[in-house]
Amino acid sequence: MIDRKDIRQHAAELEAALSRRGADVVGPHSAWARVAELDRIQRRLKTELETLQAERNRVSKLIGQKKRQGEDASREIADMSQLADRLRLLQGEARKAEEEFERVLLELPNPPLDSVPDGADEEDNVEIRRWGHPRSDQVPPHFEIGERLGILDFESGARIAGSRFTVLRGAAARLERALIQFMLDMHVDRHGYDEVWVPAIVNRRTMTGTGQLPKFADDLYKLEGEDAYLIPTAEVPVTNLYQDSILDVSQLPIRHCAYTPCFRREAGSAGRDVRGMIRQHQFDKVELVHLTLPERALEDLETLTSHAEAVLQELGLPYRVVELCAGDLGFSAQKTYDLEVWLPSQQRYREISSCSSFGQFQGRRAGIRYRSGKGKPQPVATLNGSGLAIGRCLVALLENGWQPDGSIEIPEVLIPYMGGLQRIANE
RNA sequence: GGAGAGAUGGCUGAGUGGUCGAAAGCGGCACCCUGCUAAGGUGUUACACGGGUUACCGUGUCGAGGGUUCGAAUCCCUCUCUCUCCGCCA
């Protein structure tokens, strides 16, 4: 969430930045105008309320004194009785104003950094670099490869759960597990991450902390009859591990990696990627999460991105890095690099990881702060990135490892994790 | 699911209507003292918001929300969470 003081002190810059990402800033009824207005109203009510409270406290103290000394205080008590009624009224108003302000503020996205390129959507993203040599020969889509090998079972997935669910069999199931294990080992052993295992169900506060709520409730699976949700990414539980706490500066940076299943309703994406397992309601992901000093966030984003890239390089999967333009940025992000892996069947790059800096946006929402020396606690900067999405990685391996005889070559680094299996083939 | 107990500052833990933002201890910080296997002394040490150039002032916060009262950490109601025992279960 945006710093409340900035709404008053840096209104013009904020408005310009928000407008670049297509946020609702135009006109007197925009979220932006409302938030500024509600801030004024709320503060005015609060000042008034506090004046009355000060009066109440002063006289109540006096009453206490008089009573202790055996004096008569009935006149003061009568006065206060009236004041108490007014106080109650004002309290209600002030609370309503505060709630309203919060509600609107929580729906304002993170303003992009100045360095983020202009643009409206995916088309305007900027390619930063490429790695590897994409194959240009004819390769069947992963779902055909997988079905022919009998390792991807879309029919069963649809029958037992619905569309956008897949059953993995045999070598594919093992490959899924191998990838999780391989990525976690790599980030823990070589990149120095602290591994955590976390709940896949979280409460509303947690979902709000990282920015999924209140605005994107439609994208989430909610548990019936409970104020609880299935996580869409490990970012949510892992970042919120530190919600409402004050860290010592010496603890930073904190770097966690975690494997979790992820659940997404894919509400707005009917008709996209309907075949195959590129877009699923449930998928596995290894996630990288950083908590760091605000001034270190950009530097950290480069580091985090390189950690995700290392996975693709080890697996020998060609990819490119693109920087998202302002209009394509996620709600909570101030800057994002997407990693896109080469899919030969589509002859194009597809997103397999998204690495973002959130600045202090999430730190402020989730109440994650740090303190250095005697200074006031400040919101931490948070970052995260997929390292990587397992399902899409599996798709990429099937297609990029595909041989004309229909078999799949397993990358060197995965063979130990596959129990020595070097190739997936029809027996 | 049943029965009971509890939730106070970074931690432990006192506090049953006014002098309590809250004893004490630990931890942290600052200064002082001491030359010996780091001990002692003194002081200081929550967060948020609002006001003021600073010292500072005001308000709120003792799990959350509501109520009683001139006044609530303290009394009442609701909820959440934790712990113990029983049941069930991986």
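In the text below, chain A, chain B and the rest are named by the order of the sequence lines, each starting its count at 1.
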Discussion item. Taking the minimum atom-to-atom distance to the side chain of A:Asn57, which one of B:A48, B:U59, B:G50 wins?
Written reply: B:U59
Discussion item. Strictly by Watson-Crick or wobble contacts shorter than 3.5 Å, is anything paired with B:A38, and which nucleotide is it?
Written reply: none
Practice prompt. Check every strand shown and say whether A:Arg75 touches a base, only sugar-phosphate, or nothing at a heavy-atom separation below 4.0 Å.
Written response: nothing
Worksheet item: Are any of A:Arg369's side-chain N or O atoms less than 4.0 Å away from OP1 or OP2 of B:A48?
Response: yes
Fill in: Whole-Å gap separating P (B:C49) and CD (A:Glu48)
21 Å
Item to complete: Find the distance A:Asp227:CG to B:C79:C1' and express it as a whole number of Å.
Response: 12 Å
Worksheet entry | Sidechain N-carboxylate O distance under 4.0 Å for A:Arg279, A:Glu266 | yes
Discussion item. Students often get this wrong, so: under 4.0 angstrom with heavy atoms, is A:Gln53 touching a base, only sugar-phosphate, or nothing?
Written reply: sugar-phosphate
Worksheet item: Applying a 3.5 Å limit to both distances, which nucleotide forms a Watson-Crick or G-U wobble pair with B:U61?
Response: B:A46
Worksheet item: Which part of the nucleic acid does A:Asp79 contact within heavy-atom distance under 4.0 Å: base, sugar-phosphate only, or nothing?
Response: nothing
Worksheet, complete the sentence: Separation of B:G17 atom P from A:Lys61 atom NZ, nearest Å, is 19 Å
Fill in: Pairing partner (Watson-Crick or G-U wobble, both distances under 3.5 angstrom) of B:C89
none
Worksheet item: Of all the choices, B:C47, B:G66, B:C70, which nucleotide is nearest to the side chain of A:Ile246 once you look at every atom?
Response: B:C47
Worksheet item: Separation of A:Asp244 atom CG from B:G63 atom P, in whole Å?
Response: 15 Å
Discussion item. Between A:Glu155 and A:Arg169 (salt bridge meaning N to carboxylate O under 4.0 Å), is one present in this structure?
Written reply: no
Response to the item:
Using Watson-Crick geometry (N1-N3 plus N6-O4 or O6-N4) or G-U wobble (N1-O2, O6-N3), each under 3.5 Å, B:A5 is paired with B:U82
Item to complete: State plainly whether the residues A:Glu107 and A:Arg103 are in salt-bridge range, i.e. N to O under 4.0 Å.
Response: no
Worksheet item: NA contact type, A:Arg56, heavy-atom cut-off 4.0 Å: base, sugar-phosphate, or nothing?
Response: sugar-phosphate
Worksheet, complete the sentence: Scanning all shown strands, the Watson-Crick or wobble mate of B:A73 with both distances under 3.5 Å is none
Worksheet item: Checking all strands, does A:Arg58 fall into the base, sugar-phosphate, or nothing category for heavy-atom contacts under 4.0 angstrom?
Response: nothing
Worksheet item: From B:G58, B:G18, B:C49, pick the nucleotide closest to the side chain of A:Ser60?
Response: B:G18
Worksheet item: Considering heavy-atom distances to RNA chain B, does A:Pro377 or A:Arg88 have its closest nucleotide positioned more toward the 5' end?
Response: A:Pro377
Worksheet entry | Ion pair A:Glu340/A:Arg350, N-O distance below 4.0 Å | no
Item to complete: Nearest whole angstrom, please: distance from the C1' of B:G51 to the CG of A:Leu45.
Response: 17 Å
Discussion item. Just to be sure I understand the rule, does A:Arg8 reach a base, reach only the sugar-phosphate, or reach nothing, if contact means heavy atoms closer than 4.0 Å?
Written reply: sugar-phosphate
Worksheet entry | Basic-acidic side-chain contact under 4.0 Å: A:Glu93, A:Lys96 | no
Worksheet item: Is there a Watson-Crick or G-U wobble partner for B:U68 with both distances under 3.5 Å, and if so, which one is it?
Response: none
Worksheet entry | Candidate pair A:Tyr319 and A:Gln313, rule side-chain hydrogen bond (donor to acceptor under 3.5 Å, both in side chains), full reasoning | CA-CA 9 Å; A:Tyr319 69 92; A:Gln313 291 174 10; 2.7 Å; yes
Discussion item. Of the listed nucleotides (B:C70, B:C49, B:G66), which one gets closest to any side-chain atom of A:Glu50?
Written reply: B:C49
Worksheet, complete the sentence: Taking for A:Thr47 and for A:Ala54 the nucleotide of RNA chain B with the nearest heavy atom, the one nearer the 5' end belongs to A:Thr47
Fill in: Atom-to-atom span, CD1 of A:Ile41 to P of B:C49 - whole angstrom
20 Å
